[in-house]
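Written below as structure tokens is the structure these notes are about.
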Amino acid sequence: MAERPPNDASRIASVATSLFAHAAAKGGQEGLDREKVNNIIFELSGSSSYTKEKLEHRGDAEKWVAAARRKLETFDGTKRSVAAHHLKKREAALEATRRAMDAAGTVCCVVDFDMFYAAVELRDRPELKDKPVAVGGPGMITTANYVARKWGVRSAMPGFIGQELCRRGPEFGMPRAELVFVRPDFEKYTAVSKVARAIFAEYDPHLACYSLDEAYLDLTLYLRARAAAGSHGEATKLLATPRPRKRKRGAGFGEPDDDDDDEAEADGVGDDEAPDGDDEAAAPAVALPPLDLRDDAAGRLADAVLAEIRARVRAATGGLTLSGGLGPNFRLAKVAADVRKPDGQHRVACGRPGVLAFLRTLPCRKVGGVGRVLEQKLEDGLGVRTCGELLDRLPEVHALFAPKGRDFLQDVALGVGAAGGPEDDDDEDGLPKGLGNERTFRPVSGLGPLLAKLEAIAAIVAARLETRGMRAARATLKLKTSAFHVTTRDARAPEGGPTRERYVQSAASLVALLAPLLRDEVAKADERGAPLELRLMGVRTSDFEVKVAPRAPGQRNLEDAFAPARPPSPKYRPPGGADVDAAVLAELPPDIAGQPGADGPRRRRVAAVAATAGAAGEARGRAAEPGDAVHRGLLLQAARAAAAARPPGPAAGRRGRRGRVSRWASAARARVAALAACRGDVERAVARLLGDAPG
DNA sequence: GGGGGAAGGATTC
DNA sequence: TCACGGAATCCTTCCCCC
């Protein structure tokens, strides 16, 4: 606050409001004197380097807004109708998908524990129930309970500010209080999460969890089964897939070292399977009629099932509450889960009119993917605050945003979402794309001490690479100055680089790669007369070599099947092509492979994609079920490998088309080899997918 | 003008 | 502890080169 020129005061005040009030809509803070609270927060942090840096950042967004306004001045009727034309074309496709999903009776569900970490701690320490509690430390709060939120305390707020807000409660109509800090205990949270996931899995064996406190469930099939069977017990029977058939072959692992073996095995499978071809391979629920969601009873059933899930989890976890959302896709379900928080649920009606009605007054910020910066761009650049306003201004959006951005915003405005789930479009190759570590410390300067930091962090990263058997072709150095300015520099390992290795793994080679970059930055800062002083350093690795996990001698695991037999080379095998498709096709159940037209190239490719997606989903789902940890791990690997075998889409990677195809080819080969291990799963998944595919 | 790489921004939990 | 995290991923912008 100190050195601010007075004429800037109002601007800074308004900036500060949006800077610190970004979670204003969070639950539990209704009726809070937000302005007063923001003033206190600003007072406490207003002159810090952190805030200064944030304000600079804000300047960037303001520049964007200014440029956008200039652009809009020349946005005339002609440009508008061109934009509208493009939008309309895309919208038609989106609406077709929406109708297909609705016709299949798609019901997506997102469940989310209320203030999860804090709730677990309060359950175990009931004496804290009525006190403001923050899980975390004076540095950072990860979760605050609803009591603390009455003082304006939130997650991601520095602890000392939370503490100060509680102490200064009287300034905004709250009593003075002491914020109680509880250290996070992740083992405990993981255990609780497991209990909940076991219950979720009864309703959707393929559930997806992206953090400990939330889960994404596709209830479509379960609701069909429940509507038909009445009880939960009978419904789960209809949902269960039959046991895998007995295989003649023992271990069932393919032999990835030998191309011919793949083929031979694949051929053999087709023959062996033929007699069993009549087996019912999909969950019985697939055959049931889809739920008609225009029928009010169907909606009530979905509501009742969600309420049942919440009640069961609550009982099983010692009283922890969850909020839930239902909707025709995961994007809307996620938003809906936030509507009645805490301990409530909401359903977004399916169908375009219902969805648009729900979105009309919904602030864009509530939608996942719309962060503070995008919110500001929309609001200041276009005067758009709600999804309804966004829908009206899509032509302008089209003019101002890059293709991905405007597609995303159109999806948001129309309330459409990815068909299969939130992760549908990731997992291009199934492997992690980056691995790194970063550390915050008291400001450090001087080349020697900084190099020591680098070595320490490189050692952490190297250890993690080693335990995973991963080697990286690229390393990135991240630096944050004591003024909170962040910058990154990176170096590639291949020939000509400082290490002369194609891939690096050890701490020494990481340091060899990155130390020159660090020296460079130190030297440049010295030249500027402002020695480099850092508060954070990070080392990140990426561009991994194909992963080979270390294992005990003689031990076989699925990763063997996924690792290419030899280094990929153009001569290895003709990229793509009929051999791969034939091998994949030979893996399909005979009833599908034998369908009329199944041998057409396009049909084959569709079948291959279905097989791949099915294997990924099935294995991932099975991995979430309770049971032996090693087994679960293997299934997860299978899911990843199967996902890795997806054919290259238009959006795949940065490599050239040829690179993508050969990558797909080798991944597909590896997958074919791996399929032997989880054949039963794949067959059932394929049958279900083909039988269940809308349209 | 586009492919492709580098830098770094934004977003999520 | 007078103080604002860490990890991962995707997107945008800029620039070089053909």
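Each chain gets a letter, A, B and so on, in the order the sequences are listed, and its residues count up from 1.
Atoms CG (A:Leu536) and P (C:dA7) sit 9 Å apart, rounded to a whole Å. For A:Arg439 and C:dC4, the CZ to P distance is 17 Å, given to the nearest whole Å. Between A:Asp407 atom CG and C:dC10 atom P the separation is 17 Å, expressed in whole Å. Nucleotide B:dC13 holds its P atom 15 Å from the CZ atom of A:Phe186, rounded to whole Å. The CZ atom of A:Phe441 sits 12 Å away from the P atom of C:dG5 (whole-angstrom rounding). Nucleotide B:dA10 holds its C1' atom 11 Å from the CZ atom of A:Phe408, rounded to whole Å.
Nucleotide C:dG5: unpaired (no Watson-Crick or G-U wobble partner with both distances less than 3.5 Å).
Between C:dA7 and A:Asn437, a contact under 4.0 Å exists linking OP1 or OP2 to a side-chain N or O. OP1 and OP2 of C:dG6 both lie 4.0 Å or more from every side-chain N or O belonging to A:Arg464. Phosphate proximity of C:dG5 to A:Arg535: present, with a side-chain N or O under 4.0 Å from OP1 or OP2. A close approach under 4.0 Å does occur between a side-chain nitrogen or oxygen of A:Arg492 and OP1 or OP2 of B:dA6. Listed pair A:Ser211 / B:dT12 fails the phosphate criterion, with no side-chain N or O lying under 4.0 Å from OP1 or OP2. Here A:Lys334 reaches the OP1 or OP2 of B:dC13: one of its side-chain N or O atoms lies under 4.0 Å away. At least one side-chain nitrogen or oxygen of A:Arg540 sits closer than 4.0 Å to the OP1 or OP2 atom of C:dA8. The phosphate of B:dG8 (OP1 or OP2) has a side-chain N or O of A:Thr488 nearer than 4.0 angstrom. Taking 4.0 angstrom as the limit, A:Lys404 places none of its side-chain polar atoms (N or O) nearer than this to OP1 or OP2 of C:dT12.
Rounded to whole Å, the P atom of C:dC4 lies 23 Å from the corresponding atom of B:dT12.
Taking the side chain as every heavy atom from C-beta outward, A:Val133 and A:Phe181 never approach each other to under 4.5 Å. When side chains are defined from C-beta on, A:Lys480 does not count as touching A:Glu438, because their heavy atoms never get closer than 4.5 Å.
Counting only heavy atoms from C-beta on, A:Ala402 has its side chain closest to C:dT12 among B:dA6, C:dT9, C:dT12. For A:Glu438, the side-chain atoms get nearest to C:dG6 when compared with the rest of C:dG6, B:dA7, C:dT9. Relative to the side chain of A:Arg489, the nucleotides C:dT12, B:dA7, C:dC4 differ in distance, and B:dA7 lies closest. Considering only side-chain atoms of A:Asp213, the nucleotide from C:dG5, B:dA6, B:dC13 that sits closest is B:dC13. The side chain of A:Val373 approaches B:dT11 more closely than any other nucleotide in the set C:dC4, B:dC13, B:dT11. The side chain of A:Met140 lies closest to C:dG5 when the candidates are C:dG6, C:dG5, C:dT1.
Remark: the backbone N or O of A:Asp218 is paired with a side-chain donor or acceptor of A:Asp204 at under 3.5 angstrom. Looking only at distances, no side-chain donor or acceptor of A:Asp213 sits under 3.5 Å from a matching main-chain atom of A:Phe116.
Within 4.0 Å of A:Gly368, counting heavy atoms only, lie sugar-phosphate atoms of the nucleic acid but no base atom. Residue A:Thr476 is out of contact with every strand shown, counting any heavy-atom pair closer than 4.0 Å.
Under 4.0 Å is where a charged nitrogen must lie from a carboxylate oxygen, and between A:Glu379 and A:Arg385 no such pair does.
Of the two residues contacting DNA chain C, namely A:Pro158 and A:Lys377, the nearest-nucleotide position lying further toward the 5' end is that of A:Pro158. Residue-to-nucleotide proximity on DNA chain C shows that, of A:Ile161 and A:Arg442, the 5′-proximal contact is made by A:Arg442.
Between the side chains of A:Asp114 and A:Ser323, at least one donor N or O lies within less than 3.5 Å of an accepting N or O.
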